[in-house]
Undergrad: 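Please read through the structure below; I'll follow up with questions.
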Amino acid sequence: MGLKFSFEYKINGVQKSSDSEIKDDFILDIVNTDDRLAVSVIPKGEIEFCRFAITMDCKVNSDERIFTNGYQSWTVTKEYAPCESMSEFNPRFLGVEKKKFNPLGIWGAGDLLWHKYPEASGVFYGYSYAYVRNGADITLFGSLSERAGYTVLTFDTNKNTLTIEKDLVGAKFTNNKTVLDLAVIKGNYDEAFDKYFELMNIKKPRVERKNGYTTWYNYYTNVTEDIVNRDLNAIAGLDKSLDIFQIDDGYERAVGDWLITDGKKFPNGMKPIADAIHKNNMLAGLWLAPFAATKKSYIYKNHKDWLVRDEKGRLRYSSHNWGGFFALDIYNPEVREYIKNVFDTVLNDWGYDMVKLDFLYACCQRPIHNKTRGEIMCEAMDFLRECCGDKIILGCGVPLAPAFGKVDFCRIGADVGLSWEDKAFSREDVSTQNTLTNTIYRRHLDGRAWLNDPDVFLLRDNNIKIPLEKRKIIARVNSLCGNLLFVSDDVSTYNDEQKAIFDSTMFCNKANIKNAEIINDVATITTDNEKFSFNIKTGDIL
């Protein structure tokens with residue numbers, strides 16, 4: 001592979017740039033073969049990279065498709081035709097004035113703090129891995145480790161190039177360090193992804209396909225103990241039992257204070273609920289955002305020194321949720337002890353079997369302690385697995401590659417909305433269409449990195465604006481492409497048709513998918529036994 005270089009860096013405090021692999025300031029040790037590109041930096045002083053990019057020739061034909069993986073769980077992820085554009089969520093094109101644009105507002109869950117959406121057609125970027133598909137065969141470009149920093153892959157079909165950029169901002173190099181290890185794998189779609197995860201030494205998931213219930217998509221933060229008990233009794237009355245019953249956001253007094261229950265909504269605390277779930281032969285699940293804290297929290301009021309600050313020492317929101325929240329510094333020893341105690345209490349004292357860990361991206365928005373964003377996220381996932389031991393982890397709102405092999409289930413799309421039509425203002429916003437798109441295009445992660453959580457399907461008639469025929473589509477796609485099937489309904493309200501859909505979705509084996517794609521808004525999923533098509537924009541079955 002012929003390579004071109006583009007570096008911006010500081011050495012011993014002096015700003016410099018380079019377009020060569022060898023300079024007086026550092027040398028690159030490069031392994032460059034047809035199936036591997038590995039690069040190590042050999043510094044001759046203290047190096048800080050502001051930009052580290054390598055470009056190679058990459059021609060994509062008009063009949064081929066480009067897949068780029070979005071930044072985190074919720075980020076829109078799909079294949080593109082070479083002539084298309086991925087600028088649909090660029091704030092400038094949404095009519096947002098530059099002076100009013102806040103990357104830590106509604107866009108805070110994404111990467112706009114350090115990466116701009118491309119404006120030109122034919123330019124597509126993503127994180128950690130990408131591929132070019134020609135029929136059933138792909139050329140897969142996959143980072144084998146993000147521990148040095150995130151790998152950003154950008155295709156430019158106008159220039160016939162692929163640029164591999166490492167986000168090394170925040171790190172200081174004084175010794176030799178491997179910063180890039182990229183595999184190039186050619187072959188059949190499934191065989192290529194099997195090889196990719198084999199090279200990363202990611203073991204097959206230890207869990208099996210599961211189904212269950214979560215409180216979120218009906219009651220949101222208005223959930224109460226009475227509601228939980230009512231829906232638990234309804235679930236327990238089904239002919240076939242579910243695997244998991246999960247309590248989502250709303251039980252805690254404030255985001256960040258996970259061990260202080262809202263006494264008005266949950267007067268008896270959380271342990272009796274776990275006990276009741278177990279009596280009904282289900283696993284008990286509980287939602288947490290372990291790296292987040294709001295101004296209402298005990299943490300904010302008493303431990304502001306636990307929170308991540310910007311380069312000027314200011315506290316800055318991580319995003320707009322709950323009126324704005326801050327990120328905990330996972331390298332603060334007191335923070336680590338606090339988080340360990342939270343999990344010890346939830347998993348051992350209260351008795352929960354699974355934790356849904358959400359908004360995990362918050363810990364790595366800013367490089368801190370001379371570590372890159374990718375390095376922080378990888379170490380955060382190591383820490384969470386250490387805290388949880390053998391308990392089940394459902395990851396959510398997490399940059400994907402650092403979570404490979406660290407979680408048992410993982411969300412791979414945005415939150416499902418209560419309507420089919422999109423009003424999304426960012427690539428991470430709530431969107432039924434976008435999460436269905438992600439469910440189709442991230443199916444290759446299922447059974448390799450973890451088991452995929454495609455988010456819920458909803459069959460109830462109240463508190464939803466999606467007609468039943470379209471609700472059936474969501475259930476079908478989730479069942480075909482996912483391996484964690486959740487509802488948020490009071491199942492006692494189901495009529496006979498809804499009960500039949502519920503049973504056929506929840507209690508079936510995972511299909512063997514031969515191909516799945518979206519062309520001109522038509523989504524088609526082909527299995528060994530059927531071909532299922534629908535319009536992703538309208539929800540019409542074809």
Side-chain angles (χ1 to χ4, degrees), residues 1-59 68 71 111-120 122-130 141-184 311 364 366-378 401:
M1 292 180 281
L3 306 177
K4 297 179 181 179
F5 304 89
S6 178
F7 308 130
E8 296 176 9
Y9 61 96
K10 290 181 181 179
I11 182 162
N12 300 325
V14 179
Q15 186 78 36
K16 294 188 177 184
S17 62
S18 171
D19 58 3
S20 172
E21 64 183 86
I22 300 176
K23 295 288 282 186
D24 293 337
D25 299 327
F26 64 90
I27 298 174
L28 299 184
D29 183 9
I30 300 174
V31 176
N32 181 15
T33 65
D34 288 341
D35 60 1
R36 200 73 168 259
L37 176 59
V39 181
S40 296
V41 173
I42 304 171
K44 297 182 178 180
E46 185 179 80
I47 295 275
E48 298 178 63
F49 283 99
C50 302
R51 175 176 169 78
F52 188 101
I54 301 173
T55 299
M56 64 178 72
D57 294 334
C58 182
K59 180 174 174 55
T68 55
Y71 169 58
D111 61 353
L112 281 181
L113 202 61
W114 63 91
H115 196 287
K116 294 181 180 180
Y117 295 158
E119 297 186 2
V123 181
F124 314 95
Y125 84 98
Y127 285 79
S128 305
Y129 69 99
F141 304 88
S143 169
L144 299 180
S145 176
E146 301 293 69
R147 290 189 179 271
Y150 288 129
T151 306
V152 184
L153 301 104
T154 303
F155 294 88
D156 189 333
T157 63
N158 306 298
K159 299 178 180 178
N160 294 322
T161 60
L162 168 61
T163 297
I164 302 104
E165 187 169 0
K166 291 296 292 190
D167 177 21
L168 302 179
V169 174
K172 295 181 180 179
F173 300 92
T174 55
N175 300 310
N176 298 3
K177 186 176 181 67
T178 299
V179 296
L180 173 65
D181 194 359
L182 187 83
V184 182
E311 60 280 357
C364 70
R366 299 182 184 279
I368 53 176
H369 305 296
N370 295 327
K371 295 177 181 288
T372 67
R373 297 177 181 89
E375 185 177 10
I376 295 166
M377 197 68 247
C378 288

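Nothing fancy with the numbering, it's 1 onward along the sequence.
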Undergrad: Please test Val39 against Leu182 for side chain to side chain contact (heavy atoms under 4.5 Å, CB included), starting from the C-alpha separation and ending with a verdict.
TA: CA-CA 9 Å; Val39 181; Leu182 187 83; over 6 Å; no
Undergrad: With a 4.5 Å heavy-atom cut-off, do Thr154 and Val123 have their side chains touching?
TA: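 A side-chain contact under 4.5 Å exists here.
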Undergrad: Any side-chain donor paired with an acceptor under 3.5 Å for Ser40 and Thr178?
TA: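 Yes - a donor-acceptor pair under 3.5 Å links their side chains.
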Undergrad: Ignoring hydrogens, what is the shortest heavy-atom contact between Ser20 and Phe7? Give both atom names and the distance.
TA: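 The answer is O-CE1, 3.4 Å.
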Undergrad: Rounded to the nearest 0.5 Å, what separation is found between the NZ atom of Lys10 and the NZ atom of Lys172?
TA: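 Taking NZ in Lys10 and NZ in Lys172, the distance rounds to 9.0 Å.
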Undergrad: Could you list the residues that satisfy side chain to side chain contact (heavy atoms under 4.5 Å, CB included) with Thr174, not counting sequence neighbours?
TA: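 Thr174: side chain to side chain contact (heavy atoms under 4.5 Å, CB included) contacts with Glu46.
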Undergrad: Under 6.0 Å from the NZ atom of Lys44, do we count more than 12 heavy atoms belonging to anything else shown?
TA: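 Check passes, neighbour count above 12.
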Undergrad: What's the shortest heavy-atom distance between Met56 and Ile164, and which atoms?
TA: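 Reported closest heavy-atom pair: CE-CD1, 3.3 Å.
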Undergrad: Could you tell me whether the side chain of Leu162 reaches within less than 4.5 Å of the side chain of Thr55, counting heavy atoms only?
TA: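 No, their side chains stay 4.5 Å or more apart.
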Undergrad: Mind checking side chain to side chain contact (heavy atoms under 4.5 Å, CB included) for Asp25 and listing every partner two or more places apart, or none if nothing turns up?
TA: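 Residues passing side chain to side chain contact (heavy atoms under 4.5 Å, CB included) with Asp25: Tyr9, Ile11, Lys16, Ile47.
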Undergrad: Is there a side-chain contact between Lys159 and Lys59 (heavy atoms, below 4.5 Å)?
TA: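 With C-beta onward as the side chain, the pair stays apart.
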Undergrad: Any side-chain heavy atom of Phe5 within less than 4.5 Å of one from Leu28?
TA: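 When only atoms from C-beta onward are counted, Leu28 and Phe5 do touch, with a gap below 4.5 Å.
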Undergrad: Tyr127 and Leu153: which non-hydrogen atoms are nearest, and at how many Å?
TA: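 Nearest pair, atom of Tyr127 first, then Leu153: C-CD1, 4.3 Å.
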Undergrad: Heavy-atom distance under 4.5 Å between the side chains of Val169 and Thr372, does that happen here?
TA: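 No; the side chains remain at least 4.5 Å from each other.
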Undergrad: If you round to the nearest 0.5 Å, how far is CG of Leu37 from CG of Asp181?
TA: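 If we round to the nearest 0.5 Å, Asp181:CG and Leu37:CG are 8.5 Å apart.
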Undergrad: Less than 4.0 Å between a side-chain N and a carboxylate O, is that true for Glu146 and Lys166?
TA: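 Counted as a salt bridge, because a side-chain N and a carboxylate O are separated by less than 4.0 Å.
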Undergrad: Can you list everything that forms a side chain to side chain contact (heavy atoms under 4.5 Å, CB included) with Thr157? Sequence neighbours excluded, please.
TA: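 Result, side chain to side chain contact (heavy atoms under 4.5 Å, CB included) vs Thr157: Val60, Ile66, Pro82, Phe124.
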Undergrad: Grab the two heavy atoms, one from Ala183 and one from Arg36, that are nearest each other, plus how far apart they are.
TA: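 Minimum heavy-atom separation between Ala183 and Arg36: CA-CD, 4.2 Å.
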Undergrad: Can you find a heavy atom in the side chain of Asp57 that is under 4.5 Å from one in the side chain of Asn160?
TA: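 SC-SC contact between Asp57 and Asn160 ruled out.
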Undergrad: In terms of ring plane angle, is the pair Phe49 and Phe52 parallel, tilted or perpendicular, where the classes change at 30° and 60°?
TA: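 It falls in the perpendicular class, over 60°.
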Undergrad: How close do Ser6 and Arg51 get, heavy atom to heavy atom, and via which atoms?
TA: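 Answer, listing the atom of Ser6 first, then Arg51: OG-NE, 3.1 Å.
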Undergrad: What verdict does the side chain to side chain contact (heavy atoms under 4.5 Å, CB included) test give for Ile54 and Thr163, after you've listed the backbone C-alpha separation in whole Å, the side-chain angles of each residue and the deciding distance to 0.1 Å?
TA: CA-CA 6 Å; Ile54 301 173; Thr163 297; over 6 Å; no
Undergrad: I'd like to know if the side chain of Tyr150 pairs up with that of Asp111 as donor and acceptor (distance under 3.5 Å, no hydrogens or angles considered).
TA: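 On atom types as modelled, these side chains do not qualify, holding no pair under 3.5 Å.
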Undergrad: Please examine the side chains of Leu112 and Tyr117, heavy atoms only from C-beta on, and report whether any two atoms are closer than 4.5 Å.
TA: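 Sidechains of Leu112 and Tyr117: in contact.
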Undergrad: Determine the minimum heavy-atom distance between Phe155 and Ala130, stating which atoms define it.
TA: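 Distance-wise, the nearest heavy atoms are CE1-CB, 3.6 Å.
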Undergrad: List the steps, then state whether side chain to side chain contact (heavy atoms under 4.5 Å, CB included) holds for Val41 with Asn176.
TA: CA-CA 6 Å; Val41 173; Asn176 298 3; over 6 Å; no
Undergrad: First locate atom CD of Glu8, then atom OG of Ser18, and finally report the distance between them rounded to the nearest 0.5 Å.
TA: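 Glu8 atom CD to Ser18 atom OG measures 10.5 Å (nearest 0.5 Å).
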Undergrad: Got a second to check how far Arg373's CZ is from Cys364's SG, nearest 0.5 Å?
TA: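 It is 8.0 Å, given to the nearest 0.5 Å.
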Undergrad: Do other residues, nucleotides or ligands put more than 12 heavy atoms under 6.0 Å from Asn12 CG?
TA: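 Yes, the 6.0 Å shell around CG holds more than 12 heavy atoms from other groups.
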Undergrad: Report yes if some heavy atom in the side chain of Arg147 is under 4.5 Å from a heavy atom in the side chain of Glu375; otherwise report no.
TA: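 Of all side-chain heavy-atom pairs linking Glu375 with Arg147, none is under 4.5 Å.
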